[in-house]
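Indexing begins at 1, ligand by ligand and atom by atom, following the structure's order.
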Amino acid sequence: MGSKPRSLSGIKPTGTPHLGNYLGMIKPAIQLQETHETFYFIADYHALTSMRDPKQLREHTYDLTAIFAALGMDFESHAFFRQSDIPEVTELTWILSCITSKGLMERAHAYKDAVSKDQEVSVGLFCYPVLMACDILIYDSNHVPVGQDQRQHLEITRDLAIRFNHLYGEVFVIPEAIIEKNIATIPGLDGRKMSKSYENVIPLFAPEKQFRKAIMKITTDSKSVEESKDPETCSVFALYSCFSTKADQEALAERYRAGGMGYSEAKQLCFEALNAELNEPREIFQQIRNDQSELDGILESGRDKARAIARQVTDRVRSKVGL
Ligand code: ADP
Ligand code: TRP
């Protein structure tokens, strides 16, 4: 730890993590361990904006911890923790809220989306981007790996940090988003964005049989085996591309265009490519998921590392604003 840039990200424990979460956020975040000091956390305060089931919230928190362990997160050298184990983050949220204009929050996508669907909007949901900005700023984070859908939240974070620095002097590091360009948005079983809220997900670590079954359910067009097919518009091909080499992708694209290959064969190839990458981590996941004291130990050691930094940054802020 020390001289490397710091990367930070969070993921909400709101459901079973899926391939979209894996490709859009978890995998790139884990790869950054090579070049960064990483701080990753489970955004359980954020989850409260939509979740009302305490048991599920706890279970999903352990699921995510075990997932990061299975995928090779090094908990000795990096920090992995629960958002709610760092009380400073809510302390900072109040201070930052006081320089956040209501208009900025009204332009946030998640809020606008809820309003357009006539959903009830809690104050928590409305202020969601301020809490997220504090998650990032409180650790002097340099880089934030997230999926495409989080881009606006990062822009809001930067706006708030710049505004604060302008008002009170240089306090916050201005963070940058890291968004995988090749992996824009992973389509789900129905072709829409894969998302827990659309019930169209392929769970990351479902048992192998169930995993294969989910891949076989991906919606395609109704072309016959003989017909030529378009790889560019096919969700099966899009998913396969995320787990294969350029050469393998070109070979499959060629077979799509030539005709003579049915979608069920493409799905089988897709399953094999995914399974080759995920089979071993799935087994590790199943072992570690049952070891609650190991998972608690991971979260406690992450909490201690994260809290030390959070306290320093919050104290810097308190002193600047006159508290
Ligand atoms: P969900 O939409 O399923 O509720 P979250 O909002 O919890 O997922 O997202 C957690 C992380 O995974 C975020 O960084 C998000 O950008 C990324 N992510 C979620 N769904 C996808 C997807 N379909 N493709 C790429 N990245 C995704
Ligand atoms: N809002 C993010 C999501 O829905 C989760 C999140 C909360 C987060 N705080 C963060 C991501 C800080 C990156 C950095 O996926």
Side-chain angles (χ1 to χ4, degrees), residues 6-30 32 38-51 57 60-61 63-64 67-68 79-84 86 89-90 92-93 96 108-111 113-114 124-125 127-158 160-161 173 175-204 218 235 238-239 241-242 306 310:
R6 187 170 291 153
S7 110
L8 169 129
S9 196
I11 182 163
K12 283 182 292 181
T14 45
T16 307
H18 52 77
L19 290 176
N21 301 140
Y22 172 65
L23 292 164
M25 184 268 182
I26 303 175
K27 188 178 176 181
I30 287 184
L32 283 176
T38 71
F39 275 50
Y40 297 139
F41 67 92
I42 298 168
D44 50 359
Y45 276 147
H46 275 116
L48 287 179
T49 59
S50 61
M51 271 191 89
L57 188 63
H60 291 318
T61 298
D63 285 346
L64 279 170
I67 284 175
F68 275 75
F80 188 87
F81 54 99
R82 281 190 191 92
Q83 181 183 32
S84 63
I86 316 295
V89 82
T90 50
L92 186 61
T93 298
L96 217 63
H109 295 320
Y111 168 72
D113 196 45
L125 179 71
C127 298
Y128 185 110
V130 187
L131 178 59
M132 180 157 163
C134 291
D135 288 330
I136 298 171
L137 300 174
I138 204 164
Y139 305 109
D140 282 341
S141 313
N142 304 101
H143 296 137
V144 186
V146 279
Q148 180 70 34
D149 58 341
Q150 297 298 311
R151 185 182 287 281
Q152 191 198 29
H153 285 144
L154 264 293
E155 280 161 14
I156 294 175
T157 302
R158 287 167 60 89
L160 292 180
V173 171
E176 273 173 46
I178 298 189
I179 297 173
E180 289 278 303
K181 286 195 192 63
N182 301 331
I183 297 177
T185 297
I186 307 301
L189 295 178
D190 56 2
R192 291 188 294 171
K193 174 195 156 180
M194 189 178 288
S195 171
K196 284 163 247 166
S197 21
Y198 296 152
E199 293 181 8
N200 63 355
V201 309
I202 303 179
L204 178 57
I218 299 176
S235 299
L239 203 52
S241 302
C242 300

**Report entry** Sub-4.0 Å atoms of ligand 1 with respect to non-hydrogen atoms of M25
**Finding:** 11 (C), 12 (O), 14 (O)
Report summary line: Within the 4.0 Å heavy-atom cut-off, what D149 brings close to ligand 2 is neither
Query - Under 3.5 Å donor-acceptor, Q83 side chain and D44 backbone - result: yes
Requested in this report: Check each atom of ligand 1 against the heavy atoms of D149 and keep those under 4.0 Å away; list them by number with element.
Outcome: 15 (C), 16 (O)
Requested in this report: May I ask you to check whether Q83 has an N/O atom sitting below 3.5 Å from an N/O atom of ligand 2?
Outcome: no
Query raised in the report: So is there a nitrogen or oxygen of D135 less than 3.5 Å from a nitrogen or oxygen in ligand 2?
Result: yes
Query raised in the report: Taking both backbone and side-chain atoms of K193, is any N or O found less than 3.5 Å from an N or O belonging to ligand 1?
Result: yes
**Report entry** Any N21 heavy atom less than 4.0 Å from ligand 1
**Finding:** yes
Query raised in the report: Polar-atom distance check: H18 versus ligand 1, any N or O pair below 3.5 Å?
Result: yes
Report task. Counting heavy atoms only, name the option from L19, I186, L64 that's nearest to atom 22 (C) of ligand 1. Result -> I186
Query raised in the report: For the ring pair F81 and Y139, is the centre-to-centre distance below 6.0 Å?
Result: yes
Query raised in the report: Do the side chain of S141 and the main chain of P175 share a donor and acceptor less than 3.5 angstrom apart?
Result: no
Requested in this report: Compare all side-chain heavy atoms of T157 with those of D135 and state whether any distance is below 4.5 angstrom.
Outcome: no
**Report entry** Contacting atoms of ligand 2, where contact means under 4.0 angstrom from a heavy atom of Y128
**Finding:** 1 (N), 2 (C), 3 (C), 4 (O)
Query raised in the report: Looking only at heavy atoms, is any part of M25 under 4.0 Å from ligand 2, and if so is it the side chain, the backbone, or both, or is it neither?
Result: neither
**Report entry** Backbone or side-chain N or O of S195 under 3.5 Å from ligand 1 N or O
**Finding:** yes
Query raised in the report: Just distances here: any N/O of K12 and N/O of ligand 1 closer than 3.5 Å?
Result: no
Query raised in the report: For ligand 2, which part of Y45 has a heavy atom less than 4.0 Å away: the side chain, the backbone, both, or neither?
Result: neither
Query raised in the report: Among protein heavy atoms, which sits nearest to atom 5 (C) of ligand 2, and what does the distance come to when rounded to 0.1 Å?
Result: G10 O, 3.6 Å
Report task. Could you tell me whether Q150 and ligand 2 have an N or O pair separated by under 3.5 Å? Result -> yes
Query - Per-residue contact class, L131 against ligand 2 - non-hydrogen pairs under 4.0 Å - result: neither
Report task. Please could you name the atoms of ligand 1 that M194 approaches to less than 4.0 Å, counting only its heavy atoms? Result -> 20 (N), 21 (C), 22 (C), 23 (N)
Query raised in the report: If you measure from atom 27 (C) of ligand 1 to every heavy atom of G20, G147, S9, which option wins on shortest distance?
Result: G20
